[in-house]
Colleague: 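Right, I'll just put the structure down here and ask away after.
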Amino acid sequence: MTVSPIGREIDRVDGPLKVTGSAPYAADYRPEGLVYAYLVQATVGRGTVRGMDVSRAEAAPGVIAVFTPFHPLPLKSPSGESGENYSALQDTAVRFRGQIIGLVVADTFERARDAAALVSADYTVTPSRTSLADAGPGVPQGLVQKLAPGVSSIDAALASSPVTITTSVSQHAHHHIAMEPHATTAVWVDDQLTVYCGAQSPQRAAATIAARLGVEPAKVRLICRYTGGGFGQRSPVWNEALLCAAAARALRRPVKLVLSREQVFTAIGHRAAVRQTIRLGAEADGRLRALSHDSDGELPAAGGWQMMPGRDTSAVAYRTPNIRIDQRLVTLDTPPTWSMRAPAEAPGMFALETAMDELAVRTGVDPVELRLRNYATEDPVEGHPFSSKYLDECYRVGAERFGWSRRTALPRSQTDGDWLIGMGMASALYPAWRQPASARARFRDDGRVAVASATSDVGTGAFTMLAVVGADELGLPVSSIAAEVGDSALPPGGVGAYGSSVTTSTVPAVQAACRAAVKALVQSAVDNPRSPFAGLAPATVRYRQGRIEANGRSVDFRTLLRTMGVPHVEAVSTSAPDKSASQYKFHCFGAHFCEVRVHRLTGEPRVNRFTSVFDVGRVVNAKAARGQLTGAIIWGIGHALLEADPIEPDGRFAAASMADYLVPVHADTPEIDVHWLDRPDPHISEFGARGLGEIGLVSSAAAIGNAVFNATGIRVHDLPITIDKLL
Amino acid sequence: MTQYEGITRRGMLGLVGAAAATVPLDSGAAGAQAASGEVTVRMTVNGSATSLTVDPRVTLLDALRERLQLTGTKKGCDRGQCGACTVHVDGRRVVSCLTLLATLDGASVTTIEGLADGDRLHPLQQAFIEHDGFQCGFCTPGQIMSAAAVIAEGGARTDAEIREQMSGNICRCSAYPGILAAIRQARTEMR
């Protein structure tokens, strides 16, 4: 009997390739005749390119072509997509500093790079709008409001509350910093394009490339079997990849374009800067009467992702009779914004959970107890019950594992030598999202079953998820499954690797495909004249753990396929949420507990340890789940203590390199105790998995900020929490 | 940084490379500058004698990736800020993006492709799999090459020491706890 691999500690199936350096990423392909491209970017914040001198570049050794707005590569305008709202090189407008204004192609990387530095441009410069504070308040986008009967406004509800808290927080632009800089290798064979390019949604990306190049969708294949991180940055297609494909078409030879790390900061979208204000009205015992959440998020004139940090956070988190969420967007002349891991939830819950901690301090109610007093069992605005919510258990288990009872509420009351010790907590939530998804299962005559879905494994563990679920469904060892993702040519209907939705959506599709493939295998066994089961009624033939059995005969599928002379038998299935799902609110939940130390003399903040407990439904692979949750908590350390890219008045990012934009390193990483409740969600699917790639980041920064307050008595509202703010 | 400053810096790199290549070396003929301005470098890569004639601006990283098809070594920043390109030169860990090929005449280079013993994974490679010391895998070759050198240098005695010594290798997926556990395990096996 095969033991089910579900929920166990399974090694990643892509591990051997990754630890030996043999997994091919986009820039690792080297087709015959390959040439190299390099970007030229605008050096002013806003204006017009009056003219460009490309003569020195064109005369440089090895240069094949220089493309500019005055000698463009043809691209169609984007239509109906969010993200960048223009196509590069199609006009002379400069929308932001770092916009692509040229592409140099040469026979070697060094020659392309150095020739690009020989291109000069003259600009007409107009002033840039870059300050969120100066340009706001923004244009209201999504007002969410629910008032109790007889309450005239949120202000009235707040004014009549015995306790009120007003807290304003801000954060600068954040960057994804996927370790693989954006890279594209484009190869045309006749009129068929193959693009090797990291993508979170290979089929959507291939369709976008086809549309923007003006070719039939069937003419473009995108391959991204291995992708060096996504985090949202690789869900749209950016102008750089389009230019690379267009250059390869124009020059009739393969072109590779790898952005420099510095170019990624502006050519690729960032998480919008955002300012938020939370107002809480409560009874003296901490029970909420009113919650107001206002936000002003950066929305670049060049296009981007809309920063709406209240909708999935304050509108969902706590029981309260009066809620108002006012999300505004401010137009700035900054590089495009884009969704970044827990895109709105990380900033939104930092604001809310900071305010809740202030309410705990003001009312003298323990932070965990305060959250239990305001526990929501249904969506506080729409009234739908949560499909499955064990957040109260997360608080209890987390507090126990962490030793929360040892905390003292009074700031500066615990020390360790010259270090002030503080403990803080915060609750986390993230929407669970099931999309329609498809998968293919294929019994092969080499004795393995290929399980495929056109999603992407950007480090999330999707390869291994397919293998584990396929193995479980078919009663085979994980090693008997060949998992395939990252190719737009796989059957239509693969979901994008965003919104923590791949596992939630794809597991049911894999199960359905495996069941359908078994059915097809049985049918083939009774239909094929060379089969030992030929002529039997399908109902009398059964599949068990890789074997076909009937009339006392048992044959493994490899032998059966070879006997029949059939190389493979397959099925493709699609699976979508039930209609009944609309009556529930689907969310993941969690509770973070954190201990920090802040140096009494230098103000240096360090994280000592984290305990986080999550309610994420059923877990497919414990190893990958722990990696995702732990990694996201470490992102919270970056959010709280390190990450910020302020923008200067001329539109230049002040920290557009990995030396200046700090992300957590080994030495920033403490002991992290991650635990999950294994409670399948009964309403999201038969399997019961909800996504877990982002929730670890939600509120981990707030837990750190709350612990810093407990250590020092200083509440830092403007992230990151740096030494200067603690002295 | 403006575009103009960029030219200056890149120009500098080119000059440094050319200068290094024309310095007469003890071995006499080695490191000779070719007629076209290119430099010939003879070195050992993963145990094999290799000779390359290249533009003096070429870094070890780009030589490995674009000339020798050893693409396991990754370019994460090209500025020595992320560690993804870490390889061993004469047994020491270096960031190959800041190492000009022209300076390596007579050197011995080991990359991630040369770490395993045939089909048998190096203890660190096996430990990275077992402890899930990676997610996207892009920084992994650099992490493993760094870790191998840290252990060999005797700098992996405590968790704090491993964390400090490995802080030049950024993993944005933040698989740091798994990497730490993997190094602890391999440290014992490599003795």
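Hydrogens, waters and symmetry mates play no part in the numbers below; they use all other heavy atoms, side chains included. Residue numbers begin at 1 in each chain, while the letters A, B, ... track the order of the sequences.
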Colleague: Under 4.5 Å heavy-atom distance to chain A, tell me which part of B:Leu115 shows up: side chain, backbone, both or neither.
Modeller: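 No part of it gets close to chain A.
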Colleague: Is there a side-chain contact between A:Thr630 and B:Ser174, using heavy atoms and a 4.5 Å cut-off?
Modeller: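 Side-chain contact under 4.5 Å: no.
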Colleague: First locate atom CD of A:Glu671, then atom CG of B:Asp159, and finally report the distance between them rounded to the nearest 0.5 Å.
Modeller: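 The CD atom of A:Glu671 sits 6.5 Å away from the CG atom of B:Asp159.
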Colleague: Are the side chains of A:Phe231 and B:Cys173 in contact, using a 4.5 Å heavy-atom criterion?
Modeller: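 In contact.
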Colleague: Which heavy atom of B:Cys136 sits nearest a heavy atom of A:Tyr25, and at what distance?
Modeller: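 Closest pair (atom of B:Cys136, atom of A:Tyr25, distance): O-OH, 2.6 Å.
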Colleague: Please look at B:Thr140 and chain A and tell me whether the side chain, the backbone, both or neither of the residue comes under 4.5 angstrom of a heavy atom of that chain.
Modeller: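 Side chain only.
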Colleague: Heavy-atom pairs under 4.5 Å with chain B - which of A:Leu259, A:Asp14, A:Thr20, A:Ile637 has more of them than the others?
Modeller: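 Option with the greatest count: A:Thr20.
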Colleague: Got a second to check how far B:Asp55's CG is from A:Phe109's CZ, nearest 0.5 Å?
Modeller: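 The CG atom of B:Asp55 sits 11.0 Å away from the CZ atom of A:Phe109.
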Colleague: Using heavy-atom distances under 4.5 Å, tell me whether B:Ile144 contacts chain A through its side chain, its backbone, both, or neither.
Modeller: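 Contact with chain A involves the side chain of B:Ile144 alone.
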Colleague: On a heavy-atom basis, which atom in A:Gly627 and which in B:Asp132 lie closest, and how many Å separate them?
Modeller: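 Minimum heavy-atom separation between A:Gly627 and B:Asp132: CA-OD2, 4.4 Å.
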Colleague: Between A:Ala27, A:Ala659, A:Gly638, which residue shows the highest count of heavy-atom pairs closer than 4.5 Å to chain B?
Modeller: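 Highest number of pairs under 4.5 Å: A:Ala659.
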Colleague: Heavy-atom distances under 4.5 Å only: say whether B:Gln126 touches chain A with side chain, backbone, both or neither.
Modeller: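 Neither part.
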Colleague: Yes or no on side-chain contact (heavy atoms from CB on, under 4.5 Å) for B:Arg65 and A:Asp28, after CA distance, side-chain angles and deciding distance?
Modeller: CA-CA 8 Å; B:Arg65 292 183 50 78; A:Asp28 298 345; 2.7 Å; yes
Colleague: Is the shortest side-chain heavy-atom distance between A:Met658 and B:Ile170 below 4.5 Å?
Modeller: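 In contact.
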Colleague: Within a strict 4.5 Å, meaning less than it, do heavy atoms of the B:Arg57 and A:Arg113 side chains meet?
Modeller: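 A side-chain contact under 4.5 Å exists here.
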Colleague: Take atom CD of B:Glu130 as the centre, draw a 6.0 Å sphere, and report whether it contains more than 12 heavy atoms from other residues, nucleotides or ligands.
Modeller: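 Yes.
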Colleague: Where the side chain of A:Arg30 meets the backbone of B:Gln69, is there a donor-acceptor pair that is under 3.5 Å apart?
Modeller: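 Such a contact is absent between A:Arg30 side chain and B:Gln69 backbone.
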Colleague: Counting heavy-atom pairs closer than 4.5 Å to chain B, which one of A:Arg261, A:Lys623, A:Glu110 comes out on top?
Modeller: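 Most heavy-atom pairs within the cutoff with chain B belong to A:Glu110.
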Colleague: Which heavy atom in A:Ile634 sits nearest to a heavy atom in B:Pro177, and how many Å separate them?
Modeller: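 Looking at all heavy atoms of both residues, the shortest contact is CD1-CD, 3.8 Å.
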Colleague: Of the backbone (N, CA, C, O) and the side chain (C-beta and beyond), which part of A:Pro670 lies under 4.5 Å from a heavy atom of chain B, both, or neither?
Modeller: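 Just its backbone gets close to chain B.
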Colleague: I need the residue from B:Thr111, B:Thr73, B:Ile112 with the largest number of non-hydrogen atom pairs under 4.5 Å to chain A.
Modeller: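 The residue among B:Thr111, B:Thr73, B:Ile112 with the greatest pair count is B:Ile112.
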Colleague: Mind checking whether B:Arg79 and A:Glu262 have side chains closer than 4.5 Å, heavy atoms only?
Modeller: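 In contact.
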Colleague: Which heavy atom in A:Val19 sits nearest to a heavy atom in B:Phe128, and how many Å separate them?
Modeller: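 Heavy atoms only, the tightest pair is CG1-CB, 3.9 Å.
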Colleague: Run through B:Arg163, B:Gln143, B:Gln165 and flag the one making a side-chain hydrogen bond (donor to acceptor under 3.5 Å, both in side chains) with A:His666.
Modeller: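 Among the candidates, only B:Gln143 passes.
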Colleague: Have a look at B:Gln135 and tell me which of A:Gln628, A:Arg12, A:Lys18 forms a side-chain hydrogen bond (donor to acceptor under 3.5 Å, both in side chains) with it.
Modeller: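 Among A:Gln628, A:Arg12, A:Lys18, the one meeting side-chain hydrogen bond (donor to acceptor under 3.5 Å, both in side chains) with B:Gln135 is A:Gln628.
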Colleague: Below 4.5 Å, heavy-atom pairs only: which of B:Ala116, B:Pro141, B:Gly83, B:Cys77 has the largest tally toward chain A?
Modeller: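 Going by pairs under 4.5 Å, I would pick B:Cys77.
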Colleague: Does the side chain of A:Met179 reach to within under 4.5 Å of the side chain of B:Cys82, using non-hydrogen atoms?
Modeller: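 When only atoms from C-beta onward are counted, B:Cys82 and A:Met179 do touch, with a gap below 4.5 Å.
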Colleague: Kindly compute the distance separating CD (B:Gln81) from OG (A:Ser657), expressed to the nearest 0.5 Å.
Modeller: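 Answer for the CD-OG pair, B:Gln81 versus A:Ser657, is 4.5 Å.
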Colleague: Is any side-chain heavy atom of B:Ser167 closer than 4.5 Å to a side-chain heavy atom of A:Asp668?
Modeller: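 No - every pair of side-chain heavy atoms lies 4.5 Å or more apart.
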Colleague: Would you mind checking if B:Arg172 and A:Glu643 are paired as a salt bridge, meaning a charged N to carboxylate O distance below 4.0 Å?
Modeller: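 Here A:Glu643 pairs with B:Arg172 in a salt bridge, since their nearest N and O are under 4.0 Å apart.
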Colleague: Flag the pair B:Arg67 / A:Thr108 as yes when at least one side-chain heavy-atom distance between them is below 4.5 Å, and no otherwise.
Modeller: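 Side chain of B:Arg67 against side chain of A:Thr108, heavy atoms only: contact under 4.5 Å found.
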